[in-house]
Amino acid sequence: MIERRKLAKWLVVLVALHGLIACAGFFAPYDPVEQDRQLPYARPMKLHLIDTQGRVHMRPFFYPLRMREGSFDQYDEDIARAMSLKLFAEGPRYRLLGLLPCRLHLFGAAGARICLLGTDGYGRDQLSRILYGGQVSLLAGLLGAGITLSLGLGIGAAAGYFGGWRDEVLMRLTEPFLALPWLYMLLGLRAFLPLAVSPLEAFFLIVMVIGAVGWARPARLVRGVVLSAKERDFVRAARGFGAPHRYLLWRHVLPETSSVLLTQAAILIPQYVLAEMTLSFLGLGVPEPLASWGNLLANLQQYSVLTSYWWMYLPALAIVPFFLGYLGLASALQEWADPFKVGRGT
Amino acid sequence: MQPLIQVEYLVKRYSSRGVLGSGEVVSALNEVSFSVAPGKTLALVGASGSGKSTLALCLACLERSTSGRIWFEGRDIAALDEKQLRAVRPQIQLVFQDPASSLNPRFTALEIVTEPLLVQRKWGTREMHERALALLERIGLSRGMASRRTGEFSGGQRQRLAIARALSLAPKLLILDEALSSLDCSVQAQIANLLLELQSSFVLTYLFITHDLAMAAHLGDEIAVMNRGRIVEQGVPEKVLGAPSHEATRGLVAATPGSIVTPRMPGGL
């Protein structure tokens with residue numbers, strides 16, 4: 001029961017976090033590619049409740065930023081114009097979950113841009129870019145993990161179930177993949193493939209590259225589970241009344257691998273999000289103007305950005321709750337699947 | 001009478017392949033020969049590692065024998081390929097020692113008993129369920145228990161379930177590989193009586209593998225003693241256990257406290 005409750009807790013956390021990113025259109029006030037050349041590298045705007053005359057406002061408000069004379073990234077608050085923040089405001093069009101045409105945003109302001117996490121060099125809203133960028137990075141992680149686990153399940157199950165020379169060949173094949181560090185494999189594999197492609201193609205390309213790199217470990221784990229599962233008496237009994245291989249695999253052997261696959265998924269997804277970020281950071285992943293957590297951080301490769309604009313680091317913080325969530329899920333899954341092996345104190 | 005199953009010079013060797021291809025060869029079965037008449041019980045006894053379970057797996061066609069013949073109703077089933085075996089398999093069923101591992105814990109009792117019928121695809125869904133429920137009642141489980149998962153049953157009930165599953169395809173030969181060994185005494189007696197009852201009503205032939213000499217004497221029309229992959233002695237229980245001629249049998253008898261031979265009454269229990 002404790003295991004189940006813990007599992008439920010982490011699942012709720014992760015569903016909430018993914019919901020936030022999936023509905024980026026609603027939570028983000030602006031379109032992620034919408035530029036504002038009057039507002040490059042604007043610092044995060046502050047929300048106020050008390051104005052300069054000491055009056056208390058009922059709604060939070062902000063002063064729009066105005067660029068200082070003779071500078072290109074220094075701003076002053078325009079204290080003559082207090083703009084109030086509107087909740088559930090109409091704003092730019094977007095499609096909720098990619099389907100539903102919608103204009104409603106969680107918040108917004110009429111007459112001036114409100115950029116709570118600042119803007120980048122083109123005046124694009126950093127908050128919107130982080131939220132939309134999460135869609136790309138998380139989707140890459142999820143799809144990549146899906147590909148890896150399918151490959152791992154297929155190859156591991158074939159090797160473990162049929163055994164003999166098939167097992168031998170497939171397991172020798174896993175060894176180079178296990179021995180080489182995945183970052184180099186990732187870069188090497190990506191270097192083979194064309195550089196100049198459309199953003200969508202680039203996305204699927206890196207998903208496939210990431211997915212193809214990590215199959216060896218899940219394949220090994222699945223093989224081990226299948227090896228022991230196929231020798232169970234209930235599998236023998238089913239063979240004894242004439243069940244074909246397809247039935248044995250589907251009904252008896254593969255269900256045994258479910259807890260290994262789930263735990264692997266919880267470990268692989270954040271790892272693959274990080275892989276996408278690495279590739280995009282190096283310019284091998286998802287290209288501009290599309291946002292991803294990796295290419296948002298790529299701005300930091302410029303020294304001036306690195307030293308002057310601290311809010312450009314924020315995309316790196318965005319991954320922290322996700323990683324903690326998946327870490328918690330992985331350990332909860334392990335305890336849930338196997339309550340006896342985890343020391344719980346006596 | 002024509003025997004239901006006749007085994008001739010059955011050999012099973014396992015080779016553990018080394019890195020260079022040369023490995024040790026272990027003979028699990030060494031020219032084993034015996035036969036069982038229809039409706040009779042052969043009790044197979046022997047110490048651990050004497051090859052009893054290997055023999056069970058070979059007879060149930062779950063392991064391929066290295067050489068030798070297994071005549072079953074006039075066909076050598078050791079020579080059949082997997083496709084031809086599909087028709088023979090329902091005739092020979094195996095009941096394993098530990099029902100906790102021979103029943104998939106994800107399955108319900110009904111799923112367990114319908115599984116063989118489902119695999120053999122001979123009946124429609126409704127008829128399948130009717131047959132399964134009738135069988136569950138026959139072996140002493142109520143219809144209300146049909147939707148429970150196997151983990152919720154006691155050891156004895158699970159073994160009843162395993163027997164029901166083995167009987168669902170109406171086999172002629174039932175191989176009971178230490179089927180009573182994991183149960184406690186009173187449950188053993190109940191299941192043994194159930195087996196005798198089922199034997200007389202379905203005309204079943206049993207190969208009853210055990211290391212419990214008293215149970216072997218109780219259930220077996222004949223007893224065969226295995227030692228190191230060979231059958232070293234075979235005959236009626238009174239003779240084999242009363243006046244053992246082979247050293248291995250004497251060892252088994254000496255290791256069992258109390259009197260063993262309590263001959264089975266003619267006409268069942």
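In what follows, chains carry the letters A, B, and so on, assigned in the order in which the sequence lines appear, proteins first and then strands, with residues in each chain numbered from 1.
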Atom CZ of A:Arg236 and atom CG of B:Asp177: how far apart are they, to the nearest 0.5 Å? 9.5 Å
Heavy atoms only: give me the nearest A:Phe234-B:Ser102 pair and the separation to one decimal. CB-O, 3.2 Å
What verdict does the side-chain contact (heavy atoms from CB on, under 4.5 Å) test give for B:Glu115 and A:His252, after you've listed the backbone C-alpha separation in whole Å, the side-chain angles of each residue and the deciding distance to 0.1 Å? CA-CA 11 Å; B:Glu115 192 186 18; A:His252 288 293; 2.5 Å; yes
Report the option among A:Gly240, A:Ala238, A:Pro244 that has the most heavy-atom pairs separated by less than 4.5 Å from atoms of chain B. A:Gly240
How about [atom1] on [X], more than 12 heavy atoms from neighbouring residues, nucleotides or ligands closer than 6.0 Å, or not?
X        : atom1 : value
B:Arg138 : CZ    : yes
A:Lys6   : NZ    : yes
A:Arg172 : CZ    : yes
A:Arg246 : CZ    : no

Sort by residue number and list every residue of residues 83-90 of chain B having at least one heavy atom under 4.5 Å from chain A. B:Arg86, B:Arg89
Interface check, chain A: of B:Asp98, B:Leu57, B:Ile112, B:Val119, most non-hydrogen pairs under 4.5 Å belong to B:Val119
Where on B:Ile92 is there a heavy atom nearer than 4.5 Å to chain A: the side chain, the backbone, both, or neither? backbone
Would you call B:Glu63 and A:Arg239 a salt bridge, using N to O less than 4.0 angstrom? no
Begin with the C-alpha distance, continue with both residues' side-chain angles, and end with the deciding distance and a verdict on side-chain contact (heavy atoms from CB on, under 4.5 Å) for B:Arg106 and A:Glu256. CA-CA 10 Å; B:Arg106 294 167 208 271; A:Glu256 299 283 303; 3.4 Å; yes
